[in-house]
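Structure first, commentary second.
Residue numbering restarts at 1 for every chain, and letters A, B, ... go by the order of the sequence lines.
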Amino acid sequence: MLAGLFERLEATYGDLGWWPARDAFEVAVGAVLTQNTAWRNVERAMAGLTEAGLLDPAAMGDAPHETLAEAIRPAGYFNVKTRRLQALCAAWRAAGGAEGLAARETPSLRAYLLDIHGVGRETADDIVLYAFYRPVFVVDAYTYRILGRYGWLDDEPPYEGLRERLETTLAGTPQAYQHYHAYLVELGKEHCRPRPRCAECPVTDLCGKRGVAAGQG
DNA sequence: CTCCAGTGAA
DNA sequence: TTCACGGGAG
């Protein structure tokens, strides 16, 4: 019963205030910047972009590599992320901006985003869910780790299969999926870490692998 | 599987 | 000092 897990997480965390952004483009930029990067550092990079006047598809897309790289430096991987952001800008403009993208059906939107250099499945689904409010469960490393320990995963199902299975099981609204993903990230950071801290975990009584020796989970 | 890279907590 | 980070490409 996954529903029970998410009910408990909702009771524990409520609204975590995800995803802080002013518009769809800002969500997409944040999604690229946060790849394997702490959100704290993404906030600094976003501030750098605002300060440099680059938080805009045209300005960012036309900026010199060095200029953009310098602005996003705190987020790390600044050279690869600069190329990815500029690929994002090119695709964003070619699609007719946020309006053009919003006009697409969800499968078409996902496919279009996945075609962009630097936009993988999780980044695409972040954008689809948080920028365009489509009902998509964002699967990430936390999802595999938490649900695996929880005892809900058979072994290690492929991304798409797991995503569809979760969406079928939960049948949630976009808002529900926005919260669910935030809950798993929070739980994964605070308790269900690589080395689990089960002692103060809010869902330990529901977990199939509670009491597992810390070190290998 | 290996880079990419800065930042703060443990 | 190591570890971990709202991952993805080559």
Within this structure, what is the CG-CD1 distance for the pair A:L54 and A:I72, rounded to the nearest 0.5 Å?
10.0 Å

Report each atom pair, protein N/O against N/O of nucleotides 8-10 of chain B, whose distance is under 3.5 angstrom.
unit_1	atom_1	unit_2	atom_2	d
B:dG8	OP1	A:R44	NH1	3.1
B:dG8	OP1	A:R44	NH2	2.6

Taking for each residue the nucleotide of DNA chain C bearing the nearest heavy atom, is the 5' side occupied by A:W18 or by A:I116?
A:W18

A:I116 CD1 to A:T123 OG1 distance, which is reported to the nearest 0.5 Å
10.0 Å

Are any non-hydrogen side-chain atoms of A:W152 and A:T169 less than 4.5 angstrom apart?
yes

What side-chain hydrogen bond (donor to acceptor under 3.5 Å, both in side chains) pairs are there with at least one residue in residues 85-101 of chain A, not counting sequence neighbours?
A:D62-A:R93

Any side-chain heavy atom of A:L184 sitting closer than 4.5 Å to one from A:F6?
yes

On DNA chain C, does the nearest nucleotide to A:Y130 precede the nearest nucleotide to A:V119 from the 5' side, or the other way round? Give the residue.
A:Y130

I'd like the C1' distance from C:dT2 over to B:dA5, given in whole Å.
16 Å

Could you identify which residues cluster with A:Y77, counting Ile, Leu, Val, Met, Phe, Trp and Tyr as linked when any side-chain heavy atoms lie under 4.5 Å apart, either directly or through a chain of such contacts?
A:V80

Pick one: which of A:F137, A:W18, A:Y142 meets ring pair (Phe, Tyr, Trp, His ring centres under 6.0 Å) with A:H181?
A:W18

How would you list, by chain and number, every residue that makes a ring-ring contact (aromatic ring centres under 6.0 Å, His included) with A:Y150, sequence neighbours excluded?
none

Footprint ends on DNA chain C, 5' to 3', for atoms under 4.0 angstrom from a heavy atom of chain A, come out as C:dA4 to C:dG10

Would you give me the side-chain donor-acceptor pairs under 3.5 Å for residues 19-29 of chain A, sequence neighbours excluded?
unit_1	atom_1	unit_2	atom_2	d
A:R22	NH1	A:E26	OE1	2.7
A:D23	OD1	A:F25	N	3.3
A:D23	OD1	A:E26	N	2.8
A:E26	OE2	A:R22	N	3.3

Contacts of A:R197 meeting salt bridge (charged side-chain N to carboxylate O under 4.0 Å, His left out) (sequence neighbours excluded), chain-then-number -> none

Is DNA chain C part of any stem, that is, at least 3 consecutive Watson-Crick or G-U pairs with both distances under 3.5 Å, and where?
B:1-4 with C:7-10, B:6-10 with C:1-5

Length of the line joining A:Q35:CD and B:dC3:C1', which is rounded to integer Å
14 Å

A:E167: what forms a salt bridge (charged side-chain N to carboxylate O under 4.0 Å, His left out) with it, not counting sequence neighbours?
A:R163

A:D140 side chain to A:T143 side chain, donor-acceptor N/O pair below 3.5 angstrom
yes

Contacts of type ring-ring contact (aromatic ring centres under 6.0 Å, His included), residue A:F78, not counting sequence neighbours:
none

In residues 154-171 of chain A, which residues come under 4.0 Å of DNA chain C by heavy atom?
none

Identify, residue by residue, the members of residues 63-85 of chain A with a heavy atom below 4.0 Å from DNA chain B, and return them in order of residue number, or none.
A:R73, A:P74, A:G76, A:Y77, A:F78, A:N79, A:V80

